[in-house]
Student: 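One structure, pasted below without further comment.
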Amino acid sequence: MEWPMKQVYEKLLQHFGPQHWWPGQSPFEVAVGAILTQNTNWRNVERAIGNLKAAGKLGPKAIASTPIEQLSELIRPAGYYRQKAKRLQNFARWLLQRYEGSIERMAEQDCQQLREELLALSGIGPETADSILLYAAGKLSFVVDAYTLRVAVRHGWVEPEVSYEELKQYFEERLPAELDIYNEMHALLVQVGKQFCQRRRPLCDSCPLRPVLPATGPYEPWSE
DNA sequence: TGCCAGGCCGGGT
DNA sequence: ACCCGGCATGGC
């Protein structure tokens with residue numbers, strides 16, 4: 001079987017190895033991480049989650065009922081902590097009311113329907129929604145982020161002005177409908193982005209994708 | 001030391 | 001329908 005991005009995928013897998021993002025944690029913890037990592041380094045998120053765990057507050061009921069001041073202090077290392085405390089409570093209270101606090105129950109819902117429900121929550125935008133759908137609920141929803149965009153633009157796959165939904169569709173059309181591929185591909189794109197497509201710098205010559213690219217167009221300098 | 005990190009919201013054009 | 005300022009900590 002062949003699919004359009006297979007060569008890219010295997011090149012990345014060979015270079016970086018399996019990323020297995022968000023493994024072995026509860027689905028709710030994954031969702032919390034998705035909110036906390038908004039525009040934030042993952043290391044800071046780990047501290048915040050560690051604080052929540054140590055305080056026994058890593059569940060929907062605890063998040064929903066803990067006073068906002070206390071909650072925000074616990075997640076402080078993740079930055080934007082007052083906003084994010086609110087966003088966590090929004091999500092937790094919605095999950096309790098709508099799905100009995102159960103991500104598994106939530107995951108019984110149809111993907112598109114669920115995506116709309118998540119997007120309707122204040123504090124959950126397209127990337128956070130797709131991260132929750134893919135990594136917590138096990139839905140086939142490809143995740144696009146700043147790195148995904150940068151990698152795709154630097155390699156001339158898409159125009160810099162492409163919208164979130166368009167870029168998401170670009171990948172979904174070129175990948176097989178498999179959770180593991182969606183999962184790994186997104187994580188691998190982040191890795192290659194971090195290492196070879198940094199901001200304010202031209203595409204690195206040693207990018208592992210260089211040799212396999214058909215060079216569909218001129219490498220755009222670094223407009224995003 | 002400034003710049004950046006796995007965004008999103010609300011108000012303004 | 002975009003555009004922008006604000007939000008905040010920790011690492012390099």
Side-chain angles (χ1 to χ4, degrees), chain A residues 12 16-23 25 27 29-52 54 68-94 115-137 139 141-154 159-168 170-171 179 181-202 204 222-224:
Chain A
L12 290 174
F16 294 105
Q19 302 297 300
H20 45 72
W21 265 15
W22 278 319
Q25 304 164 350
E29 180 175 339
V30 173
V32 168
I35 291 171
L36 291 181
T37 199
Q38 289 168 358
N39 201 37
T40 298
N41 190 313
W42 182 254
R43 297 188 60 108
N44 293 357
V45 176
E46 285 180 323
R47 286 197 189 84
I49 290 181
N51 289 346
L52 289 173
I68 198 80
E69 303 82 17
Q70 191 181 342
L71 187 60
S72 57
E73 280 311 307
L74 288 170
I75 65 169
R76 188 171 189 138
Y80 306 127
Y81 57 93
R82 281 183 280 260
Q83 289 196 27
K84 284 174 179 177
K86 184 74 179 172
R87 290 172 186 186
L88 286 179
Q89 285 199 329
N90 283 344
F91 174 70
R93 286 169 182 168
W94 167 82
R115 189 170 195 269
E116 287 176 22
E117 289 182 14
L118 289 169
L119 287 176
L121 298 176
S122 179
I124 295 189
E127 186 193 335
T128 308
D130 288 329
S131 295
I132 292 173
L133 285 167
L134 179 62
Y135 290 104
K139 298 291 186 183
S141 194
F142 194 78
V143 182
V144 165
D145 60 20
Y147 288 120
T148 318
L149 173 63
R150 206 179 303 158
V151 170
V153 169
R154 297 286 173 83
E159 297 297 314
E161 299 80 16
V162 69
S163 72
Y164 182 97
E165 302 298 332
E166 286 169 337
L167 190 55
K168 172 185 173 68
Y170 177 90
F171 283 98
L179 280 179
I181 302 283
Y182 276 35
N183 188 321
E184 276 299 320
M185 187 64 167
H186 169 65
L188 287 166
L189 285 169
V190 170
Q191 286 310 312
V192 76
K194 277 184 182 172
Q195 215 159 326
F196 299 101
C197 299
Q198 296 171 3
R199 294 183 79 89
R200 305 278 316 173
R201 282 187 182 73
C204 202
W222 50 83
S223 52
E224 295 169 15

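So you know, we letter chains A, B, ... as the sequences are listed, proteins then strands, and number each from 1.
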Student: Return the value, rounded to whole Å, for the distance between atom CG of A:Leu36 and atom P of C:dG10.
Tutor: 14 Å
Student: Does the A:Asn51 side chain pair with the main chain of A:Leu74, one donor and one acceptor, at a distance under 3.5 Å?
Tutor: yes
Student: In the structure I gave you, are the side-chain heavy atoms of A:Phe142 and A:Leu134 within less than 4.5 Å of one another anywhere?
Tutor: no
Student: Between A:Gln191 and A:Leu12, is there a side-chain heavy-atom distance shorter than 4.5 Å?
Tutor: no
Student: Counting distance only, does the side-chain N/O of A:Gln38 pair as donor-acceptor with the main-chain N or O of A:Gly123 below 3.5 Å?
Tutor: yes
Student: Taking only side-chain N and O atoms of A:Arg76, does any of them lie within less than 4.0 angstrom of OP1 or OP2 on C:dT9?
Tutor: yes
Student: Protein within reach of the bases, or only the backbone? For nucleotides 8-13 of chain B, mark each nucleotide 5' to 3' as B, S or -, using heavy atoms under 4.0 Å.
Tutor: BS----
Student: When you look for runs of 3 or more Watson-Crick or G-U pairs in a row, both distances below 3.5 Å, which of them include DNA chain C?
Tutor: B:2-5 with C:9-12, B:7-13 with C:1-7
Student: To the nearest Å, how far apart are A:Ile132 CD1 and B:dG7 P?
Tutor: 14 Å
Student: In this structure, how many angstroms lie between the P atom of B:dG6 and the CD atom of A:Glu46, rounded?
Tutor: 11 Å
Student: Nucleotides 1-5 of chain B: which of its N/O atoms have a protein N/O under 3.5 Å away?
Tutor:
residue: B:dA5; atom: OP1; partner: A:Arg150; partner atom: NH2; Å: 3.3

Student: Check the distance between C:dG11's C1' and A:Gln198's CD and give it to me in whole angstrom.
Tutor: 14 Å
Student: What integer distance in Å separates A:Leu118:CG from B:dG7:C1'?
Tutor: 15 Å
Student: Spell out, as yes or no, whether a donor-acceptor pair under 3.5 Å connects the side chain of A:Gln25 to the backbone of A:Trp22.
Tutor: no
Student: Indicate yes or no for a side-chain donor-acceptor contact from A:Gln19 to the backbone of A:Gly17 under 3.5 Å, with no hydrogens or angles considered.
Tutor: yes
Student: Rounded to the nearest 0.5 Å, what's the gap from CG on A:Asn39 to OG1 on A:Thr37? Could you check?
Tutor: 9.0 Å
Student: Measuring only the P atom in each nucleotide, how far is B:dG6 from C:dG5? A whole number of Å is fine.
Tutor: 23 Å
Student: So do the side chains of A:Val30 and A:Ile132 get within less than 4.5 Å of each other, counting heavy atoms only?
Tutor: no
Student: When you compare the protein's N or O atoms with those of nucleotides 1-4 of chain C, which come within less than 3.5 Å of each other, and at what distance?
Tutor:
none

Student: When rounded to the nearest Å, what value does the distance between P atoms of C:dG10 and B:dC8 take?
Tutor: 22 Å
Student: Could you state the atom-to-atom distance from NZ of A:Lys84 to C1' of B:dG6 in whole Å?
Tutor: 10 Å
Student: Taking only residues at least two apart or on different chains, which pairs with a member in residues 29-40 of chain A satisfy salt bridge (charged side-chain N to carboxylate O under 4.0 Å, His left out)?
Tutor: A:Glu29-A:Lys53
Student: Do side-chain atoms of A:Arg150 reach the backbone of A:Cys197 as a donor and acceptor pair under 3.5 angstrom?
Tutor: yes
Student: Within this structure, what is the CG-CG distance for the pair A:Leu52 and A:Leu88, rounded to the nearest 0.5 Å?
Tutor: 7.0 Å
Student: Can you check whether A:Asp130 reaches A:Arg115 side chain to side chain, under 4.5 Å on heavy atoms?
Tutor: yes
Student: Could you list all the salt bridge (charged side-chain N to carboxylate O under 4.0 Å, His left out) pairs where at least one residue sits in residues 75-91 of chain A, not counting sequence neighbours?
Tutor: A:Glu73-A:Arg76
Student: Give a yes or no on whether the backbone of A:His20 and the side-chain of A:Glu184 come within a donor-acceptor separation of less than 3.5 Å.
Tutor: yes
Student: Within this structure, what is the CZ-to-C1' distance between A:Arg47 and C:dG10, rounded to whole angstrom?
Tutor: 6 Å
